[in-house]
Amino acid sequence: MEPIRRKRPQNFVNFLAFLALAAFLGLVMASSTLAKQTSEPKRLTNAKGGDCVACHGQAQVMPEGHDDTKDMTYEDCLACHDGKETASLRTNIPLGHIHHLQGVSCQDCHGDSGEYNALETDECFACHDSGEGVAKLTEGHGEENPHNSPHYATDLDCELCHHVHEKSENYCAQCHDWALVVP
Ligand code: HEC
Ligand code: HEC
Ligand code: HEC
Ligand code: HEC
Ligand code: HEC
Ligand code: HEC
């Protein structure tokens with residue numbers, strides 16, 4: 001009889017411990033979804049590009065005291081953000097935002113199917129001409145032309161450097177230490 005009597009309360013203690021753990025995990029999960037709701041920006045397809053609060057909520061994406069940008073276009077931003085007295089916006093906001101502020105909508109890039117896939121380089125050319133075309137735009141901009149190199153000529157996929165919703169990267173930096181600022 002002894003072992004059985006001891007076992008019962010032990011099971012009960014285990015059960016209590018399980019309840020406490022479940023309640024604790026529940027709390028942790030609830031508070032982390034709460035944190036997500038307040039800090040993860042939404043991709044509202046109908047918000048204006050300058051209306052940071054619409055998508056970011058109260059999360060601070062602007063320095064304190066910055067002018068209200070709700071109705072601004074990219075041109076308005078550049079009046080101050082000239083890369084001289086005030087920082088360039090390249091790399092300070094994602095490339096998708098730079099498009100949005102210039103009137104390029106989600107559907108202009110992703111189409112109307114409701115699917116959001118990465119774009120092929122040819123799909124970028126729908127608006128950006130061609131490899132030779134973009135190479136011309138950046139001729140003489142910096143130490144080297146990222147759009148025209150002895151290795152790849154003007155034939156390099158855009159996504160190797162430009163990301164639309166994440167930080168872009170410098171593909172050449174694997175081997176060269178040129179400080180390219182990639183929008
Ligand atoms: C009236 C001038 C002015 C206008 C217009 C303006 N900004 Fe700014 N912005 C500033 C100043 C000044 C700073 C802080 C100093 C700096 O970053 O060089 C700043 C900082 C920022 C920062 C933080 C940059 C960092 O280094 O962290 C972002 C992001 C930003 N602005 C976005 C925008 C966007 C987007 C627009 C247009 C929708 C815009 N600003 C329009 C003056 C302006
Ligand atoms: C300039 C073209 C362009 C615009 C404008 C654009 N996207 Fe994208 N989107 C891309 C590309 C390219 C990718 C592949 C990932 C990347 O480059 O960041 C992508 C990926 C995505 C993805 C899937 C991957 C992920 O990061 O979750 C979603 C969802 C998405 N876009 C939604 C949107 C919405 C919503 C808008 C409008 C607010 C928008 N996109 C505007 C080009 C664009
Ligand atoms: C629906 C048209 C459209 C599509 C598709 C598109 N763009 Fe753009 N893009 C624009 C417009 C408009 C501008 C602003 C004017 C300009 O620079 O030509 C721009 C500007 C840019 C800039 C310059 C940003 C800056 O800092 O000035 C880059 C880089 C860029 N696009 C890359 C891409 C890449 C990479 C793709 C493919 C993933 C792409 N774009 C797809 C319309 C488009
Ligand atoms: C090796 C990296 C790299 C690749 C690949 C790349 N870009 Fe760029 N791109 C850059 C850099 C760096 C800049 C900024 C150059 C500057 O003005 O200093 C830039 C700037 C641009 C601009 C703005 C030009 C302007 O008028 O200032 C456009 C538009 C653009 N890229 C489109 C594209 C498209 C479209 C593709 C694909 C065919 C592409 N890029 C592939 C690195 C790259
Ligand atoms: C349409 C919704 C939308 C609007 C409007 C918007 N954002 Fe965003 N923002 C996002 C999303 C979603 C992301 C996550 C990356 C992405 O999808 O581009 C993001 C990412 C960012 C990032 C990079 C975040 C990081 O942690 O590196 C910065 C900075 C930023 N936004 C600043 C701004 C500023 C400044 C404005 C107003 C001028 C603004 N955003 C307007 C939706 C938006
Ligand atoms: C996998 C490594 C690698 C990558 C990635 C790479 N390069 Fe190079 N690159 C080299 C090597 C190696 C040389 C030869 C260096 C020499 O002869 O001094 C070279 C030479 C060059 C030269 C000749 C002038 C010089 O400085 O020697 C240019 C211009 C150049 N690369 C541009 C680029 C550009 C632009 C990119 C990005 C689009 C790029 N490279 C990416 C390895 C690379």
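The figures that follow rest on heavy atoms only: side chains count, while hydrogens, waters and symmetry mates do not.
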Measuring from Cys77:SG to Leu101:CG, what's the distance to the nearest 0.5 Å? 5.0 Å
Sub-3.5 Å donor-acceptor pair from the side chain of Asp155 to the main-chain atoms of Tyr152, do we have one? no
Distance check, rounded to the nearest 0.5 Å: Leu137 atom CG versus Asp129 atom CG? 8.0 Å
Counting only heavy atoms not in Gln107, do more than 12 sit closer than 6.0 Å to its CD atom? yes
Apply side-chain contact (heavy atoms from CB on, under 4.5 Å) to the pair Val53 and Gln58, showing each step before the final yes or no. CA-CA 6 Å; Val53 178; Gln58 293 308 320; 3.7 Å; yes
Checking Leu119 against His110 for the side-chain contact (heavy atoms from CB on, under 4.5 Å) test, could you report, in this order, the C-alpha distance in whole Å, the side-chain angles of both residues, the deciding distance, and whether it holds? CA-CA 8 Å; Leu119 273 69; His110 289 291; 4.1 Å; yes
Checking the side chain of His162 only, and the main-chain atoms of Pro183 only, is there a donor and an acceptor separated by less than 3.5 Å? yes
Does the Gln102 side chain pair with the main chain of Ile98, one donor and one acceptor, at a distance under 3.5 Å? yes
Which pair of heavy atoms, one from Tyr116 and one from Cys106, lies closest together, and at what distance? CE2-CB, 4.3 Å
In short, salt bridge (Lys or Arg N to Asp or Glu O under 4.0 Å) pairs touching residues 63-73 with sequence neighbours left out are Lys48-Asp71
Of all the heavy-atom pairs spanning Cys80 and Thr86, show the shortest one and how long it is. O-CB, 3.2 Å
Indicate the ring-plane relationship of His66 and His81, choosing parallel, tilted or perpendicular according to the 30° and 60° boundaries. parallel
Nearest 0.5 angstrom please: Glu123 CD to Cys158 SG, how far? 10.5 Å
Is there any side chain to side chain donor-acceptor pair (under 3.5 Å) pair reaching into residues 169-180, and which pairs are they, with sequence neighbours excluded? His163-Glu169
All heavy atoms of Leu44 vs all of Ala54, minimum pair found to be CD1-O, 3.4 Å
To the nearest 0.5 Å, what is the distance between CD (Glu143) and SG (Cys172)? 11.0 Å
Hydrophobic cluster identity match, Ile93 and Leu78, side-chain contacts under 4.5 Å: yes
Using every non-hydrogen atom in the two residues, find where Val61 and Cys52 come nearest and quote the distance to one decimal. CG2-CB, 3.8 Å
Under the side chain to side chain contact (heavy atoms under 4.5 Å, CB included) rule, collect the residues that match up with His141, sequence neighbours excluded. Thr138
Keeping the roles fixed (side chain from Asp82, backbone from Lys84), state whether a donor-acceptor pair exists under 3.5 Å. yes
For the side chain of Gln60 and the backbone of Met62, is there at least one donor-acceptor N/O pair under 3.5 Å apart? yes
Can you tell me how the ring of His99 sits relative to the ring of His128, calling it parallel under 30°, perpendicular over 60° and tilted otherwise? perpendicular
So how far is it from Glu132 CD to Thr154 OG1, rounded to the nearest 0.5 Å? 4.0 Å
Gap between atom NE2 of His165 and atom CG of Leu95 - 0.5 Å precision: 9.0 Å
Say whether, by atom type as modelled, one donor and one acceptor occur between the side chain of Asp108 and the main chain of Ser105 under 3.5 angstrom. yes
